[in-house]
Amino acid sequence: LKRILIIGGSDAGVSAALRAREVYPIAGITIAVADKYPSFSVCGLPFYVSGEAPEWSTLAYRSAEEIEKMGIRLLLEHRAKHIDLGAQTVNFLDKTGRTRMLPYDRLILATGAASTRPSLSGTDLPGVFFLRWMDDALAMERYIAKHRPKSAIIIGSGYMGLEMADALTRRGLSVTMLVRSGKVLKTIDPRLQEIVRAELVRNGVKLIDRIDMTGIEEQEGGPAVRNAQRVEVKGDLILLATGSRPETDLASAAGIPIGVQGGIRVNRAMETGLNGIYAAGDCVEAWHRLLKKNVYPPLGTTAHKQGRVAGENAAGGHAQFVGTLGTQAVKIFDIVVARTGLRDSEAREAGFDPTTAEVEAWDHKAYSPGATPMRIRITGDRKTRQLLGAQIVGHYKAEVSKRIDVFAAAISAEMSVDDMIDLDLSYSPPLSGTWDPVQAAAMEWTRGSTMNRAPLLHPGLNFLREDKAVTAEQSYLSCKTQKRLAFAG
Ligand SMILES: Cc1cc2nc3c(=O)[nH]c(=O)nc-3n(C[C@H](O)[C@H](O)[C@H](O)COP(=O)(O)OP(=O)(O)OC[C@H]3O[C@@H](n4cnc5c(N)ncnc54)[C@H](O)[C@@H]3O)c2cc1C
């Protein structure tokens, strides 16, 4: 075994190369990348557009030189065109249009995903953008600098659409979001969606629900969205945030089996089933720890882990991908929304007997400055009491993402909801409560609460305070809340 060839130089591809280098120091490792941005943070693109990360080159985890210094050969602007399974070679087209053939002993496919392109007219008009690659972000940036757009239409209200609503608002554009389903961020429960919606509106984002786009057309002054409802939807810039699909053309043309939602089929060793060929990241399906089956959650966190497993195994190791829980967090203006594991409906569909409790708890002691409530929904199995999932919405300074990580760790350890209460979590008044909010949620669940209890505080309202001392009314509410949640100390 000498030559490990990796196609794709983003999260999965670079993780695979680095791990293969550690495990097998003398292997010849090559990463071939279609564009010229290896090891770039796709997740950072909204923050480049917003201006929060103004220098695009800082989005690289590692520079090309740093990767090459580790003895990894990097071929930029080399697009793989054909895999010859028999000869164990891959043909590439380089930027000059020349074909180049590279042999491999082990091949890792890390070709990621591409933006879903609705089959409608006008998606290639000037001022209409997708956001997946550095080049997409640079093109949008050039357009903004040249045309100084004042308004933007975002089509889609998933994670990326929401981050971009925040980003473009920060850039001074007035944003309208088209929400075809009428539900903003469908991956969380409706009661939490309402908080997200309120936060968007509070920040001036106009939402248009239940609108069916039929195309995009050039009108005087910029692109306009044609729609079945004949609502006038016009902006100086349009972003199609309509999701992504696994990039598997190369794999399918070579006869590599395809699995869930179009991702390359893999086992937990990240093997495709074809001799010596591994695959990882957004181009593959992923094992779900709770569902015990493959799903397709295209996430950077999963891509890194799968890449590491693929790299280790391609280098002769025996690693296994333990699975995803779909843990994710997103910051939208001043709030953070996070989830892990299964929601009630998903758990029920998977054959569990779920019940869900909801609490609103202060992130730290209400008497300490900057205290802010967060809303937590926790799902467990009624019979086995196994913790199945959690969702949190709170102010972005309330450590929402680390709290969802506590739930993720607990689910990974197959803990029951009751076990959560016994966790020895840290406490100091400016940081948490003697019972952390995650434990307050667990206690509420163990009390057998119903799913749709009225909220203790007004949705959205209290997430908006920033570092202000709590008012008397809020203090009172906090005492009531804490009493109700059996907070001590
Ligand atoms: C705007 C945005 C924000 C996101 N935010 C988050 C977040 O906050 N948290 C999170 O966990 N995830 C986030 N994601 C998802 C995350 O970016 C992806 O899961 C991650 O990038 C997947 O990594 P990957 O290596 O599998 O593939 P990709 O990042 O898609 O990279 C694929 C690589 O393959 C190369 N390639 C493709 N085809 C070929 C070919 N034929 N020949 C040669 N090279 C090829 C590409 O050039 C690229 O280098 C976000 C995604 C987007 C679009």
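Just so you know, ligand 1 is whichever comes first in the structure, and atom 1 is the first atom listed for that ligand. Please read these numbers as outputs of a predicted model, since none were measured by experiment.
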Does D212, at its CG atom, have more than 12 non-hydrogen atoms belonging to other residues, nucleotides or ligands within less than 6.0 Å?
yes

Return a yes/no value for [X]: is any of its N or O atoms, backbone included, closer than 3.5 angstrom to an N or O of ligand 1?
X: A80; answer: yes
X: E163; answer: no
X: A113; answer: yes

Identity and distance of the protein heavy atom lying nearest [atom]:
atom: atom 24 (P) of ligand 1; answer: A12 N, 4.0 Å
atom: atom 45 (C) of ligand 1; answer: A34 CB, 3.6 Å
atom: atom 51 (C) of ligand 1; answer: V42 CG1, 3.7 Å

Ligand 1 atoms in contact with A303 (distance to a heavy atom under 4.0 Å):
22 (C), 23 (O), 26 (O)

Any atoms of ligand 1 less than 4.0 Å from a non-hydrogen atom of A110? List them with their elements.
32 (C), 33 (C), 34 (O)

Using the ring of F333 (Phe, Tyr or Trp, six-membered ring only), decide whether R202 places NZ or CZ under 6.0 Å from its centre and within 45 degrees of its axis.
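Not flagged: R202 not positioned over aromatic ring of F333.
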
Does the pair R98/D94 count as a salt bridge with the N-to-O cut at 4.0 Å?
yes

NZ/NE/NH1/NH2 to OD/OE distance under 4.0 Å, R171 and E52:
no

Where do H304 and Y61 land on the ring-ring contact (aromatic ring centres under 6.0 Å, His included) test, with the steps shown first?
CA-CA 12 Å; H304 275 278; Y61 299 120; 5.7 Å; yes

Taking only non-hydrogen atoms of M164, do any sit less than 4.0 angstrom from ligand 1?
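No heavy atom of M164 comes that close to ligand 1.
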
Take every heavy atom of Q328, measure it against each atom of ligand 1, and state whether any distance is under 4.0 Å.
no

Heavy atom under 4.0 Å from ligand 1: found in [X]'s side chain, backbone, both, or neither?
X: L45; answer: neither
X: W133; answer: side chain
X: A329; answer: neither

Donor-acceptor side-chain pairing of T356 and T379 below 3.5 angstrom:
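Yes, side-chain donor-acceptor contact under 3.5 Å.
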
For L18, all residues meeting side-chain contact (heavy atoms from CB on, under 4.5 Å), sequence neighbours excluded
V14, R62, M70, I72

Any salt bridge (charged side-chain N to carboxylate O under 4.0 Å, His left out) pairs touching residues 255-271, not counting sequence neighbours?
none

Parallel, tilted or perpendicular: which fits the ring planes of Y143 and H147, with parallel below 30° and perpendicular above 60°?
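Because their plane-to-plane angle lies in the 30° to 60° range, the rings of Y143 and H147 count as tilted.
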
